[in-house]
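Encoded as structure tokens, the structure appears first; notes follow it.
Since the structure is predicted, the reported quantities are computational estimates derived from the model, not experimental observations.
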Amino acid sequence: MLGATGSIGVSTLDVAARHPDRYEVVALTGNSRVDVLYDQCLQHRPRYAVVGLEADVAGLAARFSSAGLATEVLAGPAALERVAALPEVDVVMAAIVGAAGLQPTLAAVRQGKRVLLANKEVLVMAGALFMAEVKRHGATLLPIDSEHNAVFQSLPAGYAGDAAGSGVSHIVLTASGGPFRTTPLERLQSVTPDEACAHPNWAMGRKISVDSATLMNKGLEVIEARWLFNLSPEQIEVVIHPQSVIHSLVQYVDGSVLAELGNPDMRTPIAYALAWPERIAAGVAPLDLPAIARLSFEQPDFVRFPCLALAYRALSAGGNAATVLNAANEVAVAAFLDGRIPFLAIAEIIAATLDAVPVRPMPDLAAILAEDAEARAVAIALLERQAA
Ligand code: NAD
Ligand code: MG
């Protein structure tokens, strides 16, 4: 489990612990939340625990040894790749947030494992290369993002990227609209990180919560869907659906629309992907339609939420553009969460970074990492200019 200490990680351990006959935890990775990782290791007794910093290894190892636990402690990016590729690992949950998850997730793909992908930034920054590696190594890629999991469930079994041959016209990704869907526009300049992270329907990590507030999350998901399902930008629609009950839909050429519905609880897509093609209990309450009473829909507001348009722009531009978009977004969101820039500056920084970095082809992993680094440097320079 890459990113065990995060929101998706905690939900995954919750599902796995309900089925001790099916799942054994081999390795748990965290970054800086070493106390959370310690508690998780006490409960799940993995063979390996991975922390971010070498400086945390000795302390955690000493605590394990006093607790009589044989878990070996490793640190850093190379250790993430090592545990993701272990021969005794069948399934890798990719739940690190951001670009840091790319290489360990690729390491799992290159061993042909079943990869449960929550870490959408991996597909946004490296979609073409990542999907080619999945194919080449015969890995099984299952989407955890609730929208993509819903699309996966609503596509024909065995769908392998042939939309026309499968009678698929297009897909519709639903978006809650986030905490600022109806906030007066003039208030958006002064909203705080805590307000941005107070999502109406989902409890998530802080980066994806801000992405949901700007709607960049939906933009990243449009790009994610392009790669997962081999669709053109025109075949990926977004509709605002504030109740988050319909998790996404597939429109077929005959007029049929198939969708997956449920309570907004990530344990549903996690359990689905863990057990696929079987089904296992996830601890999620059944959907109570009379209690929900009504479902509503509206068009996304591209003026209020410029990040969604920026993501479509990057997708259409191709080459390095989505990598640049992702890197600039990570830099801008971190700055907003640190109180260094106002909310509306997030979209401005991303747009200015896309303007500044030329569109170029991105043939291999080295090029992807170079584009990511360059875009971060450009975004940081823009931030500093804003602050000055
Ligand atoms: P989170 O912030 O709660 O957890 C992130 C995890 O990544 C933590 O375990 C952290 O230790 C680890 N991590 C962070 N930086 C790292 C680094 N540099 N090196 C190694 N590990 C690092 O985030 P989350 O909400 O669990 O989201 C994880 C991923 O899943 C994101 O890509 C997010 O977009 C996606 N996702 C989350 C949800 C959700 O409901 N939370 C839904 C759909 C998709
Ligand atoms: Mg989602």
* Do the side chains of Leu228 and Val91 join up, straight or via other hydrophobic residues, at under 4.5 Å, putting them in one cluster? -> yes
* **Nearest non-hydrogen partners of Ala367 and Pro363, listed with the distance** => CB-CD, 3.7 Å
* Just by modelled atom types, is the Ile96 backbone N or O under 3.5 Å from a matching donor or acceptor in the Asn119 side chain? -> yes
* **Shared hydrophobic cluster, Leu308 / Val172 (ILVMFWY, side-chain heavy atoms < 4.5 Å)** => no
* Structure fact -> Heavy-atom closest pair (Ala213 atom, Ala196 atom, distance to 0.1 Å) is CB-O, 3.8 Å
* Asked: Is there a donor-acceptor contact under 3.5 Å linking the side chains of His247 and Glu147?
  -> no
* Asked: Just by modelled atom types, is the Leu86 backbone N or O under 3.5 Å from a matching donor or acceptor in the Lys113 side chain?
  -> yes
* Ser256 versus Asp254, side-chain donor and acceptor atoms under 3.5 Å -> yes
* Fit a plane to each ring of Phe302 and Tyr312, take the angle between them on a 0 to 90° scale, and name the class: parallel (under 30°), tilted (30 to 60°) or perpendicular (over 60°). => tilted
* **Euclidean distance, Met125 CE relative to Thr323 OG1, rounded to 0.5 Å** => 6.0 Å
* **From Ser166 atom OG to Asn230 atom CG, the distance as rounded to the nearest 0.5 Å** => 10.5 Å
* Could you tell me which non-hydrogen atom of Lys120 sits nearest to which non-hydrogen atom of Leu220, and how far apart they are? => CD-CB, 4.1 Å
* Quick check: does any side chain N or O of Ser66 sit under 3.5 Å from a backbone N or O of Ala62, one acting as donor and the other as acceptor? -> yes
* Is a side-chain donor-acceptor pair under 3.5 Å present for Ser176 with His199? -> yes
* To do: Take Glu260 and Ser248, measure what side chain to side chain donor-acceptor pair (under 3.5 Å) needs, and give me the verdict at the end.
  => CA-CA 6 Å; Glu260 186 261 349; Ser248 281; over 6 Å; no
* Give the intermediate values and the outcome of side chain to side chain donor-acceptor pair (under 3.5 Å) for residues Gln43 and Asp39. => CA-CA 6 Å; Gln43 192 190 339; Asp39 291 339; over 6 Å; no
* Asked: So does Lys218 pair up with Glu224, basic N to acidic O under 4.0 Å?
  -> no
* Asked: Under 4.0 Å between a Lys/Arg side-chain N and an Asp/Glu carboxylate O for Arg63 and Asp35?
  -> yes
* Asked: Are Val210 and Leu188 connected in a single hydrophobic cluster, I mean Ile/Leu/Val/Met/Phe/Trp/Tyr linked by side-chain heavy atoms less than 4.5 Å apart?
  -> yes
* Considering only heavy atoms from C-beta outward, does the side chain of Leu102 approach that of Leu365 to under 4.5 Å? -> yes
* Asked: Is there a side-chain contact between Ser209 and Trp202, using heavy atoms and a 4.5 Å cut-off?
  -> no
* Asked: Would you say the side-chain atoms of Glu121 pair up with the backbone N or O of Gly98, donor to acceptor, closer than 3.5 Å?
  -> yes
* Quick one: OG on Ser32 to CG on Asp56, what's the gap to the nearest 0.5 Å? -> 8.5 Å
* **Reference residue Leu325; test side chain to side chain contact (heavy atoms under 4.5 Å, CB included); the match among Ile223, Leu315, Thr353** => Ile223
* Asked: Above 12 or not: heavy atoms from other molecules or residues under 6.0 Å from CD of Gln299?
  -> no
* To do: Apply side chain to side chain contact (heavy atoms under 4.5 Å, CB included) to His170 and Val250, showing your working.
  => CA-CA 6 Å; His170 61 272; Val250 177; over 6 Å; no
* Does the pair Leu13 and Gln40 meet the rule for a side chain to side chain contact (heavy atoms under 4.5 Å, CB included), with working shown? -> CA-CA 8 Å; Leu13 286 173; Gln40 291 180 332; 3.5 Å; yes
* Hey, what do you get for OG1 (Thr12) to CG (Leu2), rounding to the nearest 0.5 Å? -> 11.0 Å
* Under a single-linkage definition using a 4.5 Å side-chain heavy-atom cutoff for Ile, Leu, Val, Met, Phe, Trp and Tyr, are Leu295 and Ile240 assigned to the same hydrophobic cluster? -> no
* For Glu133 and Thr105, what are the C-alpha separation, side-chain angles and deciding distance, and is it a side chain to side chain contact (heavy atoms under 4.5 Å, CB included)? -> CA-CA 11 Å; Glu133 292 290 275; Thr105 308; over 6 Å; no
* Are the side chains of Leu337 and Cys197 in touch, meaning some heavy atoms are under 4.5 Å apart? -> yes
* Residues Arg360 and Glu374 bridged, charged N to O under 4.0 Å -> yes
* Structure fact -> Heavy-atom nearest pair, Ala225 first then Ile171, reads CB-CD1, 3.8 Å
* Apply the test ring-ring contact (aromatic ring centres under 6.0 Å, His included) to residues Phe305 and Phe180: give CA-CA distance (whole Å), side-chain angles for both, the deciding distance (0.1 Å), then the verdict. => CA-CA 10 Å; Phe305 298 113; Phe180 304 139; 8.3 Å; no
* Would you indicate whether the side-chain heavy atoms of Ile349 and Leu383 approach each other to under 4.5 Å? => yes
* What closest approach, in Å, do Leu117 and Ala94 show between heavy atoms, and which atom pair accounts for it? -> CD1-CB, 3.9 Å
* **Exam field: side chain Thr174 to backbone Ile246, donor-acceptor pair closer than 3.5 Å** => yes
* Report yes if some heavy atom in the side chain of Glu81 is under 4.5 Å from a heavy atom in the side chain of Leu106; otherwise report no. => no
* Would you mind reporting whether Arg82 and Tyr48 have side-chain heavy atoms less than 4.5 Å apart? => yes
* Side-chain donor or acceptor of Ser154 paired with backbone N/O of Leu249 under 3.5 Å -> no
* Do Gln111 and His137 have side-chain atoms, one donor and one acceptor, less than 3.5 Å apart? -> no
* Among the clusters formed by ILVMFWY side chains lying less than 4.5 Å apart, do Leu80 and Leu53 turn up in the same one? -> no
* Taking every non-hydrogen atom, the tightest pair across Met204 and Ser7 -> CA-OG, 3.7 Å
Please report, to 0.1 Å, the donor-acceptor pairs under 3.5 Å made by any side chain of residues 22-31, with sequence neighbours excluded.
unit_1 : atom_1 : unit_2 : atom_2 : d
Arg22  : NH1    : Glu278 : OE1    : 3.2
Arg22  : NH2    : Glu278 : OE1    : 3.3
Tyr23  : OH     : Leu274 : O      : 3.4
Glu24  : OE2    : Arg47  : NH2    : 2.7
Thr29  : OG1    : Gly3   : N      : 2.9

* Compute whether any side-chain donor of one residue and acceptor of the other, for Asn149 and Gln153, lie under 3.5 angstrom apart. => yes
* Please check if the side chain of Asp211 supplies one atom and the backbone of Met216 the other of a donor-acceptor pair under 3.5 Å. => no
* Under 3.5 Å, side chain of Gln235 to main-chain N/O of Ser232, donor-acceptor pair present? -> yes
* Spacing of CH2 belonging to Trp227 relative to CE belonging to Met131, to within rounding of 0.5 Å -> 9.0 Å
* Asked: So, does Glu221 use its side chain to make a donor-acceptor pair with the main chain of His148 at under 3.5 Å?
  -> no
* **Donor-acceptor pair, side chain of Tyr159 and main chain of Phe229, under 3.5 angstrom** => yes
* Applying side chain to side chain contact (heavy atoms under 4.5 Å, CB included), run through Leu231 and Arg226 and close with a yes or a no. => CA-CA 5 Å; Leu231 300 169; Arg226 180 264 172 272; 5.6 Å; no
* Asked: Is the closest side-chain heavy-atom distance between Leu382 and Arg385 below 4.5 Å?
  -> yes
* Asked: Can we say Arg114 and Asp90 salt-bridge, meaning some charged N sits less than 4.0 Å from an Asp/Glu carboxylate O?
  -> no
* Answer whether the closest heavy-atom distance between the side chains of Ile270 and Ile8 falls below 4.5 Å. => yes
